[in-house]
Every structure is written in structure tokens, then in C-alpha cells.
Amino acid sequence: VFLAIRGERVNGENYAASAIEKGAKLIVTENHIDNIPDEMQAVVPNVLDASIQMGANVRDTFDIDIIGVTGSMGKTTTKEFIYAAISPFAKTVKTLGNRNNELGMPKTIYGFTQDDRFAVLEMGMEALGDVHKLSLAARPKAAVITCIGISHLERLKTRDNILKAKLEIVDGMDENGVLVVNGDDEYLSKAVITHPANVYRYGIENTLADVVAKDIEAVGFTTTFTICDKLYGEIRCTIPTVGNHNVMNALCAYTVVSRMGFDAHTVAANLAGYTVSGQRQKLVHKSDILFIEDCYNAAPGSMKAAVDTMKIVATGRTIAVFGDMMELGEDEFALHRGVGEYAKEKGVDCMWTWGERAAHICAGFGEDAINFETKDQLGDYIIENIRPGDTIVFKASHSRRFEDIIEKVYNGLEK
């Protein structure tokens, strides 16, 4: 089946005939295509909605419990922690990368087999109604909301609207489902949620939450903490990563999987099997320098978390290589400046940036901050100025492609 999607620059309808030649049996299109036989095309009001419905049709053929994951930050890391927690119990599928939209989620569903018992699916959004459609298609048995951030303010205008959009994840759940939300989040902690019947909160600061982490200790590149569970008591837990934000992600995973009926002590132990996905706080040692690749995406909260992580693992000079954060709305310059101020307060030694918005990070940081005109200039400067013992973190919104800078630096160090 070929989905003829109309993009900003490319119209998929123009490739329909080629798709037929290559073996497609059906073209899904919003407009009748004259050079394609009528019986080989399905004309629909919206191709992306049709994609979701196709995913829903396939999902209905499987007896599988789905855990939906949404939130402004931490979706993919939380998904990986949930996978680590539940996959030892039975065969589990997870979203690959961040295939979390109208096209990506159905692609994951198409990979289901009759041996699979659980699936952990990310559900992303750009506007109100997006998560609603994905939830109706997936029909999750359980779901989590990691936080209500500001990444979508440019489109949704207020965080109340972002909260409303994220809560759509319950729309496909039945009354007996399990919903787990961040009890430290100022919006989720106060949200009145009447569906489903089983709602649980987790946190570090909110000691009234159902599940709380305390006695957090970072040792090297691992973190140990105590899970204080109102149902199951205290359980010591170790995860192979650092930062309180990752403790929260692990706590979220523990809460949802334990509330699905699995043994709490086993779930906590399973979290040690977490593995990093893509360029999310990936630690790389080269030339006696510690690189932290964390450039998949960026928001003010995750930028500050990247600073915290670097300060935990660093033993020498600390360098932040930051770029633009996108879709922050009218306060974007002030939010960038706040990141720079935070990095300075936490004792980061150098701030090197690229991007028009990122220049405001430098302004907030003050001395020892440089904003470069091009990524190549930034890459060259890094190669010339880093030295053994440094710890350097890369972070920017995905569209800024900071992986190009990382590749340039690695290649430069090998010469």
C-alpha cells in the first residue's frame, strides 16, 4: 500500500505510478489519480487519518496489551525504561526511534506478531486531537504522561492546552486502564482526572505521590535510589545512567509496570537493563575526553538536565555546546537566556553555541561564551580547543543537526 502524502515540497500523488510499477497493490490518495486504475486507488478525505485507521485495523487483530507514552519531554527514554521493566516478563514490542506520529505508530503496529504480549508505543503530537486519534487506534491498557512542558507553545499558545492535548492519551482506554503521571509536574499534579479509574502519581519532590524516589546517589555512570511505594514499601534500585530526570523516567516505568500487576521487586531490578536509545545522553570516550551526545531534541528543561548530567559525570573542565531550541513561542529569547544563566550558576566552564536563538544562551551565560556564525566554525573551534580531561555535552533541537558537529569533531580528533 502506497500512501500518497502531500507535503510542503513534495506531492506523493506524483509518485503513485512508480509505486504501482514497484509492486504496490493500492494507492491511498486524497485526489483521484487519472493514470491509476480505479480499483487500485482508495480516495480518502485525509491520508494521514487513513494511515491511523489502517494501524487501528491491524491492531484489532492482536491480543496485546499496549502501554502508551506521551509528554513534552522524556518520552523516548521513558519508553526504553518501560521496555526494560516489562520485556523480561513476556515478548514485548517497542516504538523504534521516535516513530510516534500518524505514520510512525502504525509502522510499529505492522510489526506485531502473534507471539507478542506487550507493546510500548510513543504518542507524539503537534496539535490538539493528534494524541486522541493515536489513542483510539492503539487502545492502550496503560499510559503515562511524563510532563507538561513548553515545547509546543508556539502552536498551542498555553500550557493548559498542552495539558489538554496530552490527556487525550486516555481517550482510547477503558475504565479499568492504568494512567501514570508525573506528580512533580505543576500541571499534572493538580489535574483532575476522572478516567480511567486507576490514576497514580510518581515524584521526587512530591512526597505525597504514590511512588517516590529518595536517597538518590550517583556513582560513576550509575544511579542508586530508594523507591518508596505506598503499596509495596521500600525497594532499592540501580539504573545505568545519571541525573534526577532519569530517576523520574525510571520511576515512571516502575510505577506503570508494577500497577499492571507485575512483582514490584522484579520490576525494580529489571530497570538495570535500560539501554540508551540514539543520541540521548550517550557517553563516548575519545582521546581522554568524555563526550555526551544528547542532541536528539531540546527544551529548556532538558537543556538544564544536560547541564546537571555533565556536572555529575565530569572530573575536569566542563563545556556545553548548545544550539537553538525550537517551537517555544514568543518567550523564546528569554527561555534561551535562562538556560545560559542556569549553566553559569551550575559552574559550567565554557559555553559554545551556534544559532540565532542560541546567541541568547551566550548572553545569559556571560563571559567564556562564544556564539559561532556557522556549524563548521564551531566544529573547528572545538577541535582546536578541547583537551584531555574535558567533558563536553552537545544539545540542540533535532532540526539543528548537531550530529554533524559531533561527526566533524570525531573525525578531527582522529587525524
Side-chain angles (χ1 to χ4, degrees), residues 71-78 80-81 146-147 149-151 182-186 202-206 212-226 237-253 271 274 276-277 279-284 289-323 325 335-353 358 361-362 364-366 368-369 389-397 402:
S72 297
M73 292 184 299
K75 287 189 296 295
T76 301
T77 302
T78 300
E80 296 295 339
F81 268 117
T146 61
C147 65
I150 57 179
S151 299
N182 183 342
D184 285 354
D185 183 276
E186 62 177 309
Y202 62 94
I204 295 174
E205 298 173 3
N206 181 1
V212 179
K214 70 175 185 179
D215 302 330
I216 301 169
E217 301 175 38
V219 180
F221 301 127
T222 66
T223 304
T224 300
F225 58 97
T226 299
C237 179
T238 299
I239 56 176
T241 186
V242 297
N244 279 7
H245 59 294
N246 279 322
V247 172
M248 287 292 285
N249 295 333
L251 208 59
C252 178
L271 294 173
Y274 163 80
V276 175
S277 172
Q279 289 179 313
R280 293 172 176 83
Q281 291 194 342
K282 180 180 178 182
L283 304 179
V284 177
I289 299 164
L290 176 58
F291 294 88
I292 305 174
E293 300 178 8
D294 194 10
C295 57
Y296 178 74
N297 221 333
S302 62
M303 286 285 215
K304 294 173 183 177
V307 168
D308 294 340
T309 298
M310 178 169 62
K311 294 300 292 183
I312 290 171
V313 300
T315 56
R317 191 172 61 149
T318 52
I319 303 165
V321 180
F322 283 171
M325 298 177 286
L335 292 168
H336 281 79
R337 186 181 183 92
V339 168
E341 292 171 348
Y342 184 85
K344 175 64 79 172
E345 291 171 7
K346 293 297 181 179
V348 171
D349 294 301
C350 304
M351 177 66 70
W352 303 335
T353 68
I361 297 177
C362 285
F365 191 86
D368 299 312
D390 287 348
T391 298
I392 179 169
V393 61
F394 295 84
K395 194 161 184 66
S397 282
F402 262 42

Chemist: What pair of heavy atoms forms the shortest contact from Met325 to His336, and how long is it?
Modeler: N-NE2, 2.9 Å
Chemist: Treating Asn206 as the side-chain partner and Gly183 as the backbone partner, does any N or O pair qualify as donor plus acceptor under 3.5 Å?
Modeler: yes
Chemist: Answer whether the closest heavy-atom distance between the side chains of Thr77 and Tyr274 falls below 4.5 Å.
Modeler: yes
Chemist: Minimum heavy-atom separation for Ser72 to Gly149, with atom names?
Modeler: OG-N, 2.7 Å
Chemist: Could you grab the distance from atom CD1 of Ile361 to atom OG1 of Thr353, nearest 0.5 Å is fine?
Modeler: 6.0 Å
Chemist: So which heavy atom on Ile312 is nearest to which on Ala218, and how close?
Modeler: CG2-CB, 3.7 Å
Chemist: Name all residues meeting the side-chain contact (heavy atoms from CB on, under 4.5 Å) criterion together with Ala250; count only those two or more places apart in sequence or in a different chain, and write none if there are none.
Modeler: Phe81, Phe225, Ile239, Leu271
Chemist: Any chance you could measure Asp184, atom CG, to Glu205, atom CD, to the nearest 0.5 Å?
Modeler: 5.0 Å
Chemist: Shortest non-hydrogen contact from Ala306 to Asp294?
Modeler: CB-OD2, 3.8 Å
Chemist: Would you compute the distance between atom NZ of Lys304 and atom OG1 of Thr309 and round it to the nearest 0.5 angstrom?
Modeler: 14.5 Å
Chemist: Would you please name every residue forming a side-chain contact (heavy atoms from CB on, under 4.5 Å) with Thr226, sequence neighbours left out?
Modeler: Lys214, Asp215, Cys228, Glu234, Arg236
Chemist: Validate the cation-pi geometry between Lys344 and Phe365: distance from NZ or CZ to the six-membered ring centre under 6.0 Å, angle to the ring axis within 45°.
Modeler: yes
Chemist: Checking side-chain polar atoms at under 3.5 Å, does Thr318 have a donor or acceptor matched by the opposite partner on Thr391?
Modeler: no
Chemist: Donor-acceptor pair, Lys311 side chain versus Val307 backbone, under 3.5 Å?
Modeler: no
Chemist: Output the distance between atom NE2 (His245) and atom CD1 (Ile204), rounded to the nearest 0.5 Å.
Modeler: 10.5 Å
Chemist: Can you list everything that forms a side-chain contact (heavy atoms from CB on, under 4.5 Å) with Met73? Sequence neighbours excluded, please.
Modeler: Cys147, Ala299, Ser302
Chemist: Taking all heavy atoms of Ala298 and all of Ala396, pick out the closest pair and write down the distance.
Modeler: CB-C, 3.4 Å
Chemist: Drop me the distance from Thr223's OG1 to Asn246's CG, to the nearest 0.5 angstrom.
Modeler: 7.5 Å
Chemist: Got a second to check how far Asn182's CG is from Tyr202's OH, nearest 0.5 Å?
Modeler: 4.0 Å
Chemist: State, yes or no, whether a side-chain contact exists between Asp368 and Asp349 at a heavy-atom distance under 4.5 Å.
Modeler: no
Chemist: State, with a plain yes or no, whether a side-chain heavy atom of Asn244 is found less than 4.5 Å away from one of Asp308.
Modeler: no
Chemist: How close do Pro240 and Thr222 get, counting heavy atoms only, and between which atoms?
Modeler: CA-CG2, 4.1 Å
Chemist: Taking side chain as C-beta onward, heavy atoms only, is Phe322 less than 4.5 Å from Val393?
Modeler: yes
